Amino acid sequence: MIVYKSKAEIEKMRESGHVVARTLRLVSESIVPGKTTLLELDALADRLIREAGGIPSFLKYRNYPASTCISLNQVVVHGIPDATVLQEGDIVGLDFGVTLDGWVADGAWTYPVGAVAEPAQRLLNITREALYQGIAKAKIGNRIGDIAAAVQKYVESNGYAVVRDLVGHGVGRTVHEEPSVPNFGKAGKGPLLKEGMTICIEPMVNQGTWKVRTLPDKWTMVTADGKLSAHFEHTVAITREGPDILTLERD
Ligand code: MF3
Ligand code: CO
């Protein structure tokens, strides 16, 4: 069942999205080579979310043990923050949800740690742009497949692969609602986009094969070939005015 949101409900989700965006920005300021551990980044995000009156949506969700997912280098998504120290040249994905007054927004961004090699920076640039190519299709009358195909085409035409095992999703009262929002598929297929839908578009893009595997902790997903992966995510509302990105800072 797809849950359509009223304008007032979308404004509530925008408040949550503001906390996501602000927290990402503030935590990213601590992404410094040789200094910060992933646990410290998680603790900082947790504190900033709670100080803003929110709850970290991922903590205890399906027994997930942290407030954020932090995914380094070959980790695709769902890395569990640990005592690893960020090193110059790493790429680090931060992903978390914020529940504010019962409404969830979910966002992710992948950051370079210090100076990164050109191939890593290119992967970040292409993945971020793939997110915006998908968002541009998030319009009334289009279908989920239009988003999926736009992301896939952009990624593959730039020589990368989209992860198949994980997809974007509807979002609202809970982190995951219908519909699924894949990053691969056919234009013109899938659920119709209607006013009031709120979805997370989140391309996960690999340098090498699209294949992934799960580590024995049952959460951490890594690339099957050990090459790099990047992840960018926004929560987006489908409105009469077009795609409305909710995970942005208020001015
Ligand atoms: N990263 C996932 C998403 O964006 C959700 C994480 S599930 C959790 O949809 F359990 F790790 F929190
Ligand atoms: Co998500």
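Owing to the predicted nature of the structure, the values given are computational and were not obtained by experimental measurement. Counting begins at 1 with the first residue of the sequence. Side chains included, hydrogens not; waters and symmetry mates left out as well; all remaining heavy atoms used.
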**Q.** Residues I238, D244; criterion side chain to side chain contact (heavy atoms under 4.5 Å, CB included); working and verdict
**A.** CA-CA 6 Å; I238 311 299; D244 186 357; over 6 Å; no

(Q) Would you say the ring centers of Y61 and H176 fall short of 6.0 Å from each other? (A) yes

Q) Is any side-chain heavy atom of F184 closer than 4.5 Å to a side-chain heavy atom of V162? A) yes

Q.
Main chain of K12, side chain of E15: is a donor-acceptor contact present, judged purely on distance under 3.5 Å?
A. no

**Q.** Least distance between heavy atoms, T68 atom then I70 atom
**A.** OG1-CG1, 3.4 Å

Q. Considering only heavy atoms from C-beta outward, does the side chain of Y4 approach that of M197 to under 4.5 Å?
A. yes

Q: For the pair T220 (side chain) and G79 (backbone), establish whether a donor and an acceptor sit closer than 3.5 Å, ignoring hydrogens and angles.
A: no

Q. Mind checking whether L39 and L59 sit in one hydrophobic cluster, side chains of I, L, V, M, F, W, Y counted as touching below 4.5 Å?
A. no

(Q) Taking I140 as the starting point, is it possible to reach I201 by hopping between hydrophobic residues whose side chains are less than 4.5 Å apart? (A) yes

(Q) Distance alone, cut at 3.5 Å: any donor-acceptor contact between the side chains of T36 and S30? (A) no

Q: Would you check if there is a donor-acceptor pair between the side chains of E129 and N125 at a distance under 3.5 Å?
A: no

Q: To the nearest 0.5 angstrom, please state how far the CE atom of M204 sits from the CG atom of D95.
A: 8.5 Å

Q) Is any side-chain heavy atom of L26 closer than 4.5 Å to a side-chain heavy atom of L44? A) no

**Q.** Side-chain heavy-atom pair I10, T198 within 4.5 angstrom cut-off
**A.** yes

Q: Show the numbers, then the answer: is there a side chain to side chain contact (heavy atoms under 4.5 Å, CB included) between V205 and V151?
A: CA-CA 10 Å; V205 173; V151 170; 5.7 Å; no

Q) Around atom CZ of R213, are there more than 12 heavy atoms of other residues, nucleotides or ligands at under 6.0 Å? A) no

(Q) So I80 and Y64, do their side chains get closer than 4.5 Å, heavy atoms only? (A) yes

**Q.** Exam field: side chain Q133 to backbone A130, donor-acceptor pair closer than 3.5 Å
**A.** no

**Q.** F96/D46 under side chain to side chain contact (heavy atoms under 4.5 Å, CB included): CA gap, chis, key distance, verdict
**A.** CA-CA 10 Å; F96 52 87; D46 183 278; over 6 Å; no

Q. Between Q207 and Y160, what is the shortest heavy-atom contact and its length?
A. CA-CD2, 3.7 Å

Q. What distance do T84 atom OG1 and D82 atom CG have between them, rounded to the nearest 0.5 Å?
A. 3.5 Å

Q. Quick check: does any side chain N or O of T247 sit under 3.5 Å from a backbone N or O of T235, one acting as donor and the other as acceptor?
A. yes

**Q.** Under 3.5 Å donor-acceptor, D42 side chain and S67 backbone
**A.** yes

Q.
Looking only at side-chain N and O atoms, does H169 offer a donor or acceptor that is under 3.5 Å from a partner on E202?
A. yes

Q) Looking at side-chain heavy atoms only, is the closest gap between W109 and H231 below 4.5 Å? A) no

Q | Closest non-hydrogen atom pair, G188 against D146 | A | N-OD1, 3.1 Å

Q: For T23 and L48, indicate whether the former's side chain and the latter's backbone hold a donor-acceptor pair under 3.5 Å.
A: no

Q: Look at the side chain of Q74 and the backbone N and O of V222, then say whether any donor-acceptor pair between them is shorter than 3.5 Å.
A: no

Q) Does the R143 side chain pair with the main chain of G190, one donor and one acceptor, at a distance under 3.5 Å? A) yes

Q) Would E51 and R47 count as a salt bridge (Lys or Arg N to Asp or Glu O under 4.0 Å) if you check the C-alpha gap in whole Å, the side-chain angles of each, and the deciding distance to 0.1 Å? A) CA-CA 6 Å; E51 281 174 1; R47 179 167 66 73; 3.0 Å; yes

Q) Is there a path from V75 to W210 through hydrophobic residues (I, L, V, M, F, W, Y) whose side chains come within less than 4.5 Å of each other? A) no

Q. With respect to E249, which candidate in R22, R14, R25 satisfies the salt bridge (Lys or Arg N to Asp or Glu O under 4.0 Å) definition?
A. R25

Q: Please answer whether the main-chain N or O of Y154 pairs with a side-chain N or O of S157 as donor and acceptor at a distance below 3.5 Å.
A: yes

Q.
Quick check: closest heavy atoms across L123 and L228, and the distance to 0.1 Å?
A. CD2-CB, 3.7 Å

Q | Salt-bridge contact K5-E11 (side-chain N to carboxylate O under 4.0 Å) | A | no

Q.
Within the 3.5 Å criterion, strictly below it, is a donor on T223 or N206 matched to an acceptor on the partner's side chain?
A. no

Q) Are Y132 and H234 close enough that a side-chain donor and a side-chain acceptor fall under 3.5 Å? A) yes

Q) Between I144 and S180, which heavy-atom pair has the shortest distance, and what is it? A) CG2-O, 3.6 Å

Q | Interatomic distance, M221 atom CE to H78 atom NE2 [nearest 0.5 angstrom] | A | 7.5 Å

Q: Using a 4.5 Å cut-off on heavy atoms from C-beta on, say whether the side chain of L131 contacts that of I135.
A: yes

Q.
Do Y111 and F232 sit in one hydrophobic cluster, given that two such residues count as connected whenever their side-chain heavy atoms are within less than 4.5 Å of each other, even indirectly?
A. yes

**Q.** Side-chain (T99) to main-chain (V104) donor-acceptor, under 3.5 angstrom
**A.** no

Q. With a 4.5 Å limit on heavy-atom distance, are the side chains of I126 and R128 in contact?
A. no

**Q.** Closest approach of I91 to S229 (non-hydrogen atoms, all atoms of both residues)
**A.** CD1-O, 3.5 Å

Q) Can I31 and L94 be said to form a side chain to side chain contact (heavy atoms under 4.5 Å, CB included), step by step? A) CA-CA 10 Å; I31 295 179; L94 301 183; 4.2 Å; yes

Q. When rounded to the nearest 0.5 angstrom, what is the spacing between CD1 in I199 and CD1 in I147?
A. 3.5 Å

Q: Consider only side-chain heavy atoms of I, L, V, M, F, W and Y, link residues closer than 4.5 Å, and tell whether V236 and I2 are in one cluster.
A: yes

**Q.** Separation of L100 CG from S16 OG (nearest 0.5 Å)
**A.** 4.5 Å

